[in-house]
Amino acid sequence: MSPEVRVRFAPSPTGYLHIGGARTALFNWLFVHHHGGKLVLRIEDTDTKRNTEEAAAAIYDGLRWLGINWDEGPHLGGNFGPYFQSQRTEIYERYLKKLQDAGHIFEDQGALRFRSPREHVIVDDLVCGKIDFDLTNPGTHPDMTIRRPDGSWIFHFVNVIDDIEMKISHVIRGEDHLSNTPKHIELYKALGATPPNFAHIPLILNRDGSKMSKRDEGASIATYIEQGYAPEAVRNYLCLLGWSPKDNREKIDIEEVIKLFELEKINRRNAAFDLDKCFWLNGQYIAQMSLDRFVELARPFLEKAKIDTSNQKYTREVLAIVKEKIKLLKELPDWTSYFFIEDYEFDPEAVKKVFGNNPKAANRLKTLRDEFAKVDKWDWQTLESTLKSLAQKLGCKTGDLVHPARVAASGRSVGPSLYHMLEVMGKERVLKRFDRAIAQFGAR
RNA sequence: GGCGCGUUCGUCUAGUGGUUAGGACACGGCCCUCUCAAGGCCGGUGCACGGGUUCGACUCCCGUACGCGCUGCCA
């Protein structure tokens, strides 16, 4: 018989989702999706009884954003709840009684400790292999505390109880727990339970190898949400930390990862988090995603910047031409605001560079304006050929017309392809903008 | 200190006894070009060190160094 695959992600509610936690959750999720089974989300709030829901919200948000859905847990329930440790006291009492009756527990200054059997414990880890821990020496491996004098529970105990009660088949967690595992196995044995399979995955560190803490750049998933990363890109990057498809692919969709994912192929060495590469991968995702998806991701960022997106067709056309330029969604307002308002500001640097020391620029712009006024078919191809033939006629470089036109129409020197930009803006708007610029910069 | 785990370009990685040690990010150069990007091409940088084993080690074994984790009445 092969029992159902049941895994869990068991964070404690700290108010944010750590990138390492997210990766642990992701590997659990991948494992379940590869084999079929259930992912349980369990909130380990033994220590902090207050504000659990609030502090756990960041975890829910982060997981949902990454597309990591759970099958049992908060908001969903399930047959093995409650899914908050703070609500499971009776269960823990029951198991404690069992251990006490069997003589495994002793009191020490009001706290309760588990008496170790003092044996070697073999941890047969799916990632790390067989490891022999010698727990015979009480000096180096003291009997663990399972309950404090105030009655609150210690992680090692409740974690094991919950995994037994929730019928967890595979414990996939950070390598920081590897050394705790033999202690946990002692508990399983004392309770007559079969230990689950264990898989300890490497940790995620900073670029310099130091431990990533809350303050470090990129440590919290909230950062990626705020900066405007595409969730599928961050998820892809996370997959590549400690795991690889082994065929040099970097951008690989999640369905493919699910198909290839195996715990045995996870690396054993800690990985440094490379924000540059995550950023690059995000750019790849944005460039290659559908326009529909881009529009969907862009919406909240435009709304937040109070950009009027009521003209959906126009908004979509604008987004289509800036899509290939954007690396982070938070850049969107900067790249698009001038499409939506007429009183956009002129970047002084750009004005100076284009009109400042070249009196001809405004005149050229005027000439271009008159040529454009005659254009009937207002598309980028026509605009390009019109502009280029005018440049030839005037004996100037294409850029001599392009730059003034760009500054006139957008107020800045950087932007998407000029011709596409003008096409999207439409003839009437463009001519008006040219007129405004000619009036403003031509008379000096 | 003790115990455990790890060590291939700066970073993520491929590689499991015989390879010019491959890819990607980042970096530098060139090309393309209306700006900024993107893209294309080229380039440098790596098997921690020392012993074995072997005809032959990045690859196997031992040691050293370094890193990380655990060693809590944190999780």
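Labels below follow one simple rule: chain letters A, B, ... track the order of the sequence lines, proteins then strands, and each chain is numbered from 1.
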Participant: Can you pull out every salt bridge (Lys or Arg N to Asp or Glu O under 4.0 Å) where at least one residue sits in residues 231-243 of chain A? Sequence neighbours excluded, please.
Facilitator: Glu232(A)-Arg293(A)
Participant: When the P atoms of rG15(B) and rC60(B) are compared, how many Å lie between them, rounded to an integer?
Facilitator: 13 Å
Participant: Can you sort out the partners of Arg429(A) under salt bridge (charged side-chain N to carboxylate O under 4.0 Å, His left out), two or more places apart, ordered by chain and number?
Facilitator: Glu342(A)
Participant: Grab the CE-C1' distance between Met212(A) and rG67(B) for me, whole Å please.
Facilitator: 17 Å
Participant: Sorted by first residue and then second, give each side-chain hydrogen bond (donor to acceptor under 3.5 Å, both in side chains) pair with at least one member in residues 403-413 of chain A; sequence neighbours left out.
Facilitator: Asp334(A)-Arg412(A)
Participant: Pick out the pairs of N or O atoms, protein on one side and nucleotides 39-43 of chain B on the other, that lie under 3.5 Å.
Facilitator:
from: rG39(B); atom 1: OP1; to: Gln284(A); atom 2: NE2; distance (Å): 3.2

Participant: Take the protein atom CG of Asn137(A) and the nucleotide atom P of rG1(B), then report the distance between them rounded to whole Å.
Facilitator: 17 Å
Participant: Which value, rounded to the nearest 0.5 Å, describes the distance between Tyr285(A) atom OH and Asn282(A) atom CG?
Facilitator: 10.0 Å
Participant: Taking any strand in view, what nucleotide pairs with rG44(B) in a Watson-Crick or G-U wobble way, both distances under 3.5 Å?
Facilitator: none
Participant: Counting only Watson-Crick pairs (N1-N3 plus N6-O4 or O6-N4) and G-U wobbles (N1-O2, O6-N3), all under 3.5 Å, who is the partner of rC25(B)?
Facilitator: rG10(B)
Participant: Could you measure between the two P atoms, the one in rU64(B) and the one in rG1(B), and give it in whole Å?
Facilitator: 13 Å
Participant: Heavy atoms under 4.0 Å, any strand shown: does Glu384(A) hit a base, just sugar-phosphate, or nothing?
Facilitator: nothing
Participant: Between rG23(B) and rA14(B), how far apart are the two C1' atoms, rounded to whole Å?
Facilitator: 7 Å
Participant: Among the candidates rA37(B), rU71(B), rC68(B), find the nucleotide nearest to the side-chain atoms of Leu205(A).
Facilitator: rC68(B)
Participant: For nucleotides 3-14 of chain B, give me one character per nucleotide, 5' to 3': B if any protein heavy atom sits under 4.0 Å from the base, S if the only such contacts are to the sugar-phosphate, - if neither.
Facilitator: -SSSSS-BBBSS
Participant: Take atom C1' in rC12(B) and the same atom in rA26(B), then report the distance between them in whole Å.
Facilitator: 11 Å
Participant: Could you measure between the two C1' atoms, the one in rG10(B) and the one in rG28(B), and give it in whole Å?
Facilitator: 15 Å
Participant: Contact class for His200(A) vs. all strands (heavy atom < 4.0 Å): base, sugar-phosphate, or nothing?
Facilitator: nothing
Participant: As a test of reading the structure: which of rC34(B), rU71(B), rG69(B) is closest to the side chain of Arg406(A), going by heavy atoms?
Facilitator: rC34(B)
Participant: Name the pairing partner of rG18(B), where a pair is Watson-Crick or G-U wobble with both distances under 3.5 Å, or state none.
Facilitator: rC55(B)
Participant: Taking for each residue the nucleotide of RNA chain B with the nearest heavy atom, is it Gly399(A) or Gln85(A) whose nucleotide lies nearer the 5' end?
Facilitator: Gly399(A)
Participant: Any salt bridge (Lys or Arg N to Asp or Glu O under 4.0 Å) pairs touching residues 237-248 of chain A, not counting sequence neighbours?
Facilitator: Asp247(A)-Arg249(A)
Participant: Both distances below 3.5 Å, Watson-Crick or wobble geometry, any strand: find the nucleotide opposite rC49(B).
Facilitator: rG63(B)
Participant: Suppose we screen for salt bridge (charged side-chain N to carboxylate O under 4.0 Å, His left out). Which residues come up paired with Glu331(A), at least two apart in sequence or across chains?
Facilitator: none
Participant: Please measure how far the P atom in rG2(B) lies from the corresponding atom in rU45(B), and state the result in whole Å.
Facilitator: 40 Å
Participant: Could you list the residues that satisfy side chain to side chain contact (heavy atoms under 4.5 Å, CB included) with Asn197(A), not counting sequence neighbours?
Facilitator: Leu126(A), His170(A)
Participant: May I ask you to say what Trp380(A) touches in the nucleic acid, namely base, sugar-phosphate or nothing, with a heavy-atom cut-off under 4.0 Å?
Facilitator: nothing
Participant: Can you tell me if Arg173(A) touches the phosphate of rA75(B), counting only side-chain N or O atoms and a distance under 4.0 Å to OP1 or OP2?
Facilitator: no
Participant: Quote, to the nearest angstrom, the C1' distance that separates rC62(B) from rC25(B).
Facilitator: 37 Å
Participant: Can you say whether the rings of Tyr344(A) and Tyr338(A) are parallel (under 30°), tilted (30 to 60°) or perpendicular (over 60°)?
Facilitator: perpendicular
Participant: Which value, in whole Å, describes the distance between the P atoms of nucleotides rC31(B) and rC47(B)?
Facilitator: 34 Å
Participant: Identify, between Thr398(A) and Ile154(A), the residue whose nearest nucleotide on RNA chain B lies closer to the 5' end.
Facilitator: Thr398(A)
Participant: Would you kindly give the CD-to-C1' distance between Glu44(A) and rA75(B), to the nearest whole Å?
Facilitator: 7 Å
Participant: Got a sec? Which of residues 409-420 of chain A come in under 4.0 Å of RNA chain B, heavy atoms?
Facilitator: Ser413(A), Val414(A), Gly415(A), Pro416(A), Ser417(A), Leu418(A), Tyr419(A)
Participant: According to the side-chain hydrogen bond (donor to acceptor under 3.5 Å, both in side chains) rule, which pairs have a member within residues 120-129 of chain A, sequence neighbours left out?
Facilitator: His120(A)-Asp132(A), Asp125(A)-His200(A)
Participant: With both distances under 3.5 angstrom, what nucleotide forms a Watson-Crick or G-U wobble pair with rC70(B)?
Facilitator: rG2(B)
Participant: Here's one to test your reading of the geometry: is the NZ or CZ of Lys427(A) within 45 degrees of the ring axis of Phe372(A) and under 6.0 Å from its centre?
Facilitator: no
Participant: Using salt bridge (charged side-chain N to carboxylate O under 4.0 Å, His left out) as the criterion, list what pairs up with Lys277(A), not counting sequence neighbours.
Facilitator: Glu250(A)
Participant: Please list all pairs passing the side-chain hydrogen bond (donor to acceptor under 3.5 Å, both in side chains) test where one or both residues lie in residues 363-375 of chain A, with sequence neighbours left out.
Facilitator: Lys366(A)-Asp370(A), Arg369(A)-Asp435(A), Glu371(A)-Lys374(A)
Participant: Output the rounded distance in Å from NE2 (His177(A)) to P (rU71(B)).
Facilitator: 10 Å
Participant: Ring of Phe80(A), cation from Arg6(A) - is the NZ or CZ under 6.0 Å from the centre and inside 45° of the axis?
Facilitator: yes
